[in-house]
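Quick caveat: nothing in here was measured; it's all calculated off a predicted structure.
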Amino acid sequence: MNAQQLSTRLMRVAAHVPNDSVVADIGSDHAYLPCYLVLNGKARRAVAGEVVKGPYESARKQVKLEQLDDEITVRLASGLDAVLPEDGVTAVTIAGMGGPLIRSILDSGKQRLAGVKRLILQPNVHAKAIREWAQTESWSIVEEEILKENDKIYEILVLEPANRITGLTQAEFLMGPQLMKEFSPVFQEKWQRECSQWKKIVKSMEATAETAEINEKKQELLEKIKLVEEVLHGENT
C-alpha cells in the first residue's frame, strides 16, 4: 500500500469523501489517505493528525515525498485537536480504530466539528458505539458499507449533521440500519461469526462458578445472540 494505491478498505473510505473537500484525517499513520485524496483531486487541502511521534514523522516524510507540503499539513496532536478553525475542514476521516475510541475522539473534539459536513468513519470493531454517538449528537447515518479484506470484515459509517434524527432499534444500533436492509453475504457472514463467538463464550461461562458479574455478562450475550438470530432468520424466511 502507498499513496497511489490504497488498500481496498481505505479506497472505500476515500470513495465517500465529497469532491473538493478540505479533509482532516485523524490517526493518519503514513498519511496515505490524505495524500491519495489530494493527488486524485478529491480534496483541495488536507490535515493529517497523529498523536504518536513515529507515525507523525512517517506522515511528514510521505507528504514531502509526494511534494504535497503546500496542500497537506501534518500535526502532532490528540484526536480532533489536530483541526484548527482556520483550516476550514469540511470532511473528517477516522479509520482503523475501535468504535469506542472513535466515539471518544468525536466526543472530546465536538467543538472542532463546526463547519464539518461529513464524517467518514471506519471502525474495526464495535460500530454500535458510533451509531449511539450519532443518535445522541444529532448526526444522521447517510450511508453504511460493509466489506471483507484479508479475511477481516470492516464497516464504514458516513454521518452528516441532521436537525431531526429517526430513532434506531436495538438491532439497528448493533448491526446498522442500512446494512440490515441490504443484507449482503458479508453482513450475514459477520453476524454468523459474531454469534458463534458469543455462544462459545456463553458455554465457557456455564463451566465457571456463578457470580453476579458473570450472570450479567451471560445475559447480555444471550440477548445479543437472540437479536442477531432474529434478524438473520427473519430475512431468510
Side-chain angles (χ1 to χ4, degrees), residues 1-52 55 58-59 62-63 66 68 71-75 79-80 82-83 87 89-106 109 112-113 116-131 133-134 139-161 176-179 182 184 186-187 190:
M1 186 169 76
N2 54 48
Q4 278 81 28
Q5 185 55 55
L6 301 177
S7 64
T8 303
R9 173 179 63 91
L10 285 182
M11 282 291 283
R12 293 311 307 152
V13 169
H16 293 286
V17 174
N19 287 333
D20 206 34
S21 293
V22 178
V23 178
D25 183 40
I26 306 303
S28 198
D29 204 6
H30 287 79
Y32 290 149
L33 179 57
C35 286
Y36 174 88
L37 290 168
V38 172
L39 287 168
N40 286 276
K42 283 211 93 175
R44 278 182 284 137
R45 295 191 314 280
V47 174
E50 249 307 331
V51 69
V52 181
S58 296
Q62 190 65 41
V63 169
E66 303 293 343
L68 293 173
E71 290 87 2
I72 300 175
T73 304
V74 183
R75 291 197 182 113
L80 289 164
V83 177
D87 295 327
V89 167
T90 60
V92 172
T93 54
I94 310 178
M97 303 178 201
L101 178 54
I102 293 175
R103 176 181 184 150
S104 167
I105 288 168
L106 295 171
R112 293 178 186 259
L113 294 175
V116 173
K117 295 173 182 156
R118 179 169 276 207
L119 303 174
I120 303 103
L121 312 169
Q122 183 269 296
N124 286 348
V125 290
H126 305 308
K128 181 186 178 191
I130 295 170
R131 294 188 186 101
W133 180 87
W139 286 75
S140 176
I141 301 168
V142 294
E143 290 180 70
E144 290 183 308
E145 187 172 338
I146 191 164
L147 65 133
K148 187 175 176 181
E149 183 176 31
N150 300 328
D151 205 42
K152 289 185 181 171
I153 294 175
Y154 302 100
E155 291 180 38
I156 298 169
L157 283 71
V158 182
L159 310 183
E160 291 180 357
Q178 296 189 20
L179 299 179
E182 288 162 11
S184 69
V186 177
F187 171 86
K190 174 187 168 70

Just by distance, do the side chain of [X] and the backbone of [Y] share a donor-acceptor pair under 3.5 Å?
| X | Y | answer |
| --- | --- | --- |
| Q122 | G96 | yes |
| N124 | G98 | no |
| E66 | C35 | no |
| R12 | S7 | no |
| T90 | V22 | yes |
| R103 | I130 | no |

Are [X] and [Y] close enough for a salt bridge, meaning some N to O gap below 4.0 Å?
| X | Y | value |
| --- | --- | --- |
| D87 | R112 | no |
| R45 | E71 | no |
| R131 | E155 | yes |

Do [X] and [Y] make a side-chain contact, defined as non-hydrogen atoms from C-beta onward lying under 4.5 Å apart?
| X | Y | answer |
| --- | --- | --- |
| I120 | V92 | no |
| I146 | S184 | yes |
| I72 | V47 | no |
| L157 | L119 | no |

About how many Å separate [atom2] of [Y] and [atom1] of [X], when rounded to the nearest 0.5 Å?
| X | Y | atom1 | atom2 | value |
| --- | --- | --- | --- | --- |
| L33 | K42 | CG | NZ | 10.0 Å |
| Q62 | S28 | CD | OG | 10.0 Å |
| L113 | L159 | CG | CG | 10.0 Å |
| S21 | H16 | OG | NE2 | 13.0 Å |
| Y36 | L6 | OH | CG | 6.0 Å |
| R9 | Y154 | CZ | OH | 5.5 Å |

V51 and I26: side chain to side chain contact (heavy atoms under 4.5 Å, CB included), yes or no, with the steps?
CA-CA 9 Å; V51 69; I26 306 303; over 6 Å; no

Taking all heavy atoms of [X] and all of [Y], pick out the closest pair and write down the distance.
| X | Y | value |
| --- | --- | --- |
| A59 | D29 | CB-O, 3.4 Å |
| A91 | P18 | CB-CD, 4.4 Å |
| W139 | V116 | CH2-O, 3.7 Å |
| T8 | E149 | N-OE2, 2.9 Å |
| P55 | E50 | CB-CD, 3.5 Å |
| I105 | L80 | O-CD1, 3.6 Å |

